Amino acid sequence: VDIANDNADRRVLTERWKEPGDLASFKRIQVSNRETVEVTKPTSRFVQDYNWVSLNSIALEYDVNPTLIKHIGLSMLRFGVGANELARWSSVELERGLSYPYSRTIMKEMKIYKLIISIFLFVGLSSCNDWLNIEPKDTTTETDLFATGDGYRVALNGVYAQMAESSLYGQQLNWGFLDVIAHMYMLSELSSEYALSAKYSYTDEKVKSIIEGIWSKAYNNIANCNNIIQRIDNEPAGKFAEGEIEKNVIKGEALALRAYLHLDILRLFAPSMMNVEEDKQLYIPYVTTYPCTFQPYTSNQDVLNKAIADLKIAKELVGSYDLANIVQLSPINRIENGGADDIFFAYRGYRMNYYAVCALLARVYNYAGMHQEAFNETEIVINALCDSYGSKCFTFTPSYTLRNGNTKLYEEIIFCLSNDQLWTIYKPYYGGEMSLYLNAWSADDLFDDNSDIRKKLVTTLNYYPVSIK
């Protein structure tokens, strides 16, 4: 060892040879001149047997029964003690820093969980005995969050924000996983996980990761909605800036979002209602309580019945505001200008507004085979007027507006989600090695009507058609 220039174990100093008669493991420190310390050359005489036994760590934890702590507002209470580097026996004293033996650490802990967005469901994608531990990225105490009416606004906005993330409608349930398994894109150009998805390799770990992300994030958001719904019934109207109207809108939107998410989970993880023989099977849980540690699976029909019940209540609650402020649902107000001084009530196209609830209710009715009821709800949307002059709330987008950047076709949007990072998420799939080229030779193959405005939103990239919508 060169102690003049390098660090060394202190045994080089304390256990070195010093005088005749010493039995030492290390030679003396010898200086050959005033500036150089003699360095021992490595040889086979330094080779030793290396046998060891180590007790690296040990931990003991105890979780208190949730039923015993629920009354004090806790969802989890855990006590624990742990220790690191308890013991080590070795034929070679392995150094760590400048001293030996290793340092030991003993820790005690008490964890208390009071989470806003948490749900533990006894569910599984590959096995019904798997646990899904669903937790939010950002948590705060429920007492703090719901101490004011603004807290309810924050909680509801959080649901919309999470739904717009890439694991749900910001990618996988929009232009990502769903379009891939529908074979909307050229298989030969897909990334590995999407190529496997297109082949329905649902047991592949990459594909399972996407599917589990959809399931867990959807039920995470449902848990958020349930927390809002359960709490808001016990709140006085005076807690909210706009009183009873605001309280109704928050509860109505939460109910509608709960139904929205359950419907899409049903459509993904259960067979179609057209298959009557499968209807008595149990496929997904319809969760309506918070917190929820276990929820039995239920039939398709039961899921649809509960979604319809939620949407009927939501329609009445949000209608109390939207129908009285119908001008806010004009195309320019609901998407671009907001139409209200209070930002919470502005941009109703980005919220589960009255007509979004009607449209969703029509979808549920149609999926359940209740076609007349679906038609009735659809007519409400089609005939909706947003002013006294008879202007329609929802119309087909004029082609000339595309020149002004209206690639989202705002006039036709009943409800949408906002993610300002959408281009960043989509960019790797546009023109690169993972490009999502449309599964067609040209736009003509995609639309049977030459006047379809959506045809103008398909361009060519690397000789393949891609969507710019």
Side-chain angles (χ1 to χ4, degrees), residues 119-135 162-222 260-275 277-279 281-285 297-300 303 367 419 421-422 424-441 445-446 458 461-467 469:
I119 180 173
F120 296 86
L121 289 175
F122 192 55
V123 295
L125 294 173
S126 59
S127 170
C128 62
N129 294 319
D130 294 336
W131 282 89
L132 275 181
N133 181 354
I134 306 168
E135 292 188 2
Q162 287 195 77
M163 287 176 64
E165 292 177 359
S166 60
S167 56
L168 291 178
Y169 300 96
Q171 180 175 348
Q172 306 301 4
L173 297 186
N174 188 356
W175 51 269
F177 178 74
L178 279 194
D179 275 0
V180 167
I181 63 175
H183 289 183
M184 292 293 294
Y185 306 115
M186 295 182 61
L187 180 61
S188 60
E189 304 297 325
L190 295 176
S191 61
S192 60
E193 65 270 22
Y194 277 172
L196 289 164
S197 300
K199 295 175 183 177
Y200 311 124
S201 301
Y202 298 139
T203 58
D204 181 86
E205 289 301 320
K206 292 180 179 180
V207 181
K208 283 172 64 177
S209 178
I210 296 174
I211 296 172
E212 288 170 0
I214 293 170
W215 178 282
S216 61
K217 184 63 73 172
Y219 275 108
N220 186 288
N221 280 288
I222 289 169
Y260 189 109
L261 289 162
H262 276 112
L263 175 64
D264 276 356
I265 296 171
L266 181 73
R267 294 168 62 233
L268 280 169
F269 293 95
S272 168
M273 286 293 291
M274 294 177 66
N275 191 342
E277 292 180 359
E278 295 289 341
D279 184 44
Q281 299 295 319
L282 309 181
Y283 292 101
I284 73 166
Y297 284 41
T298 188
S299 68
N300 290 11
V303 170
Y367 198 75
N419 184 334
Q421 298 299 311
L422 188 58
T424 302
I425 298 170
Y426 181 69
K427 191 174 182 180
Y429 300 92
Y430 186 81
E433 294 182 356
M434 302 186 298
S435 288
L436 297 176
Y437 296 120
L438 295 175
N439 194 13
W441 289 109
D445 298 328
L446 297 170
V458 175
L461 182 66
N462 299 330
Y463 304 105
Y464 298 114
V466 295
S467 171
K469 187 174 186 294

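Please read all numbers here as calculations on a predicted model, not as lab measurements.
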**Report entry** Ile214: side-chain contact (heavy atoms from CB on, under 4.5 Å) partners, not counting sequence neighbours
**Finding:**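 For Ile214, the residues satisfying side-chain contact (heavy atoms from CB on, under 4.5 Å) (neighbours in sequence not counted) are Leu168, Gln172, Leu173, Phe177, Ile210, Leu268.
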Requested in this report: State which residues pass side-chain contact (heavy atoms from CB on, under 4.5 Å) with Ala195; sequence neighbours excluded, sorted by chain then number.
Outcome: Leu187, Leu190
**Report entry** Tyr464 and Tyr437 aromatic ring geometry - parallel, tilted or perpendicular at 30°/60° bounds
**Finding:** tilted
Polar side-chain atom of [X] near backbone of [Y] as donor-acceptor pair, under 3.5 Å:
{"X": "Tyr429", "Y": "Gly176", "result": "no"}
{"X": "Tyr200", "Y": "Ile181", "result": "yes"}
{"X": "Ser209", "Y": "Glu205", "result": "no"}

Atom pair [atom1]/[atom2] of [X] and [Y] - distance to nearest 0.5 Å:
{"X": "Gln162", "Y": "Glu165", "atom1": "CD", "atom2": "CD", "value": "5.5 Å"}
{"X": "Asn300", "Y": "Phe269", "atom1": "CG", "atom2": "CZ", "value": "13.5 Å"}
{"X": "Leu261", "Y": "Asn221", "atom1": "CG", "atom2": "CG", "value": "6.0 Å"}

Minimum heavy-atom distance [X]-[Y], with the two atoms named:
{"X": "Asp445", "Y": "Ala440", "answer": "CB-CB, 3.9 Å"}
{"X": "Ser167", "Y": "Gly213", "answer": "CB-O, 4.3 Å"}
{"X": "Lys208", "Y": "Tyr202", "answer": "CG-O, 3.0 Å"}
{"X": "Pro428", "Y": "Met434", "answer": "CB-CE, 3.7 Å"}
{"X": "His183", "Y": "Ala198", "answer": "NE2-O, 2.9 Å"}
{"X": "Ser299", "Y": "Leu282", "answer": "N-CD2, 3.5 Å"}

Query raised in the report: Hey, mind stepping through Tyr185 and Tyr194 against ring pair (Phe, Tyr, Trp, His ring centres under 6.0 Å) and telling me if it holds?
Result: CA-CA 10 Å; Tyr185 306 115; Tyr194 277 172; 7.8 Å; no
Query raised in the report: So does Met186 have more than 12 non-hydrogen atoms from other groups sitting under 6.0 Å from CE?
Result: yes
Query raised in the report: So with a 6.0 Å cut-off around OH of Tyr463, is the heavy-atom count from everything else above 12?
Result: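 For Tyr463, atom OH is not crowded (no more than 12 foreign heavy atoms under 6.0 Å).
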Is the shortest side-chain heavy-atom distance between [X] and [Y] below 4.5 Å?
{"X": "Ile284", "Y": "Trp215", "result": "yes"}
{"X": "Leu436", "Y": "Tyr426", "result": "yes"}
{"X": "Ile425", "Y": "Trp175", "result": "yes"}

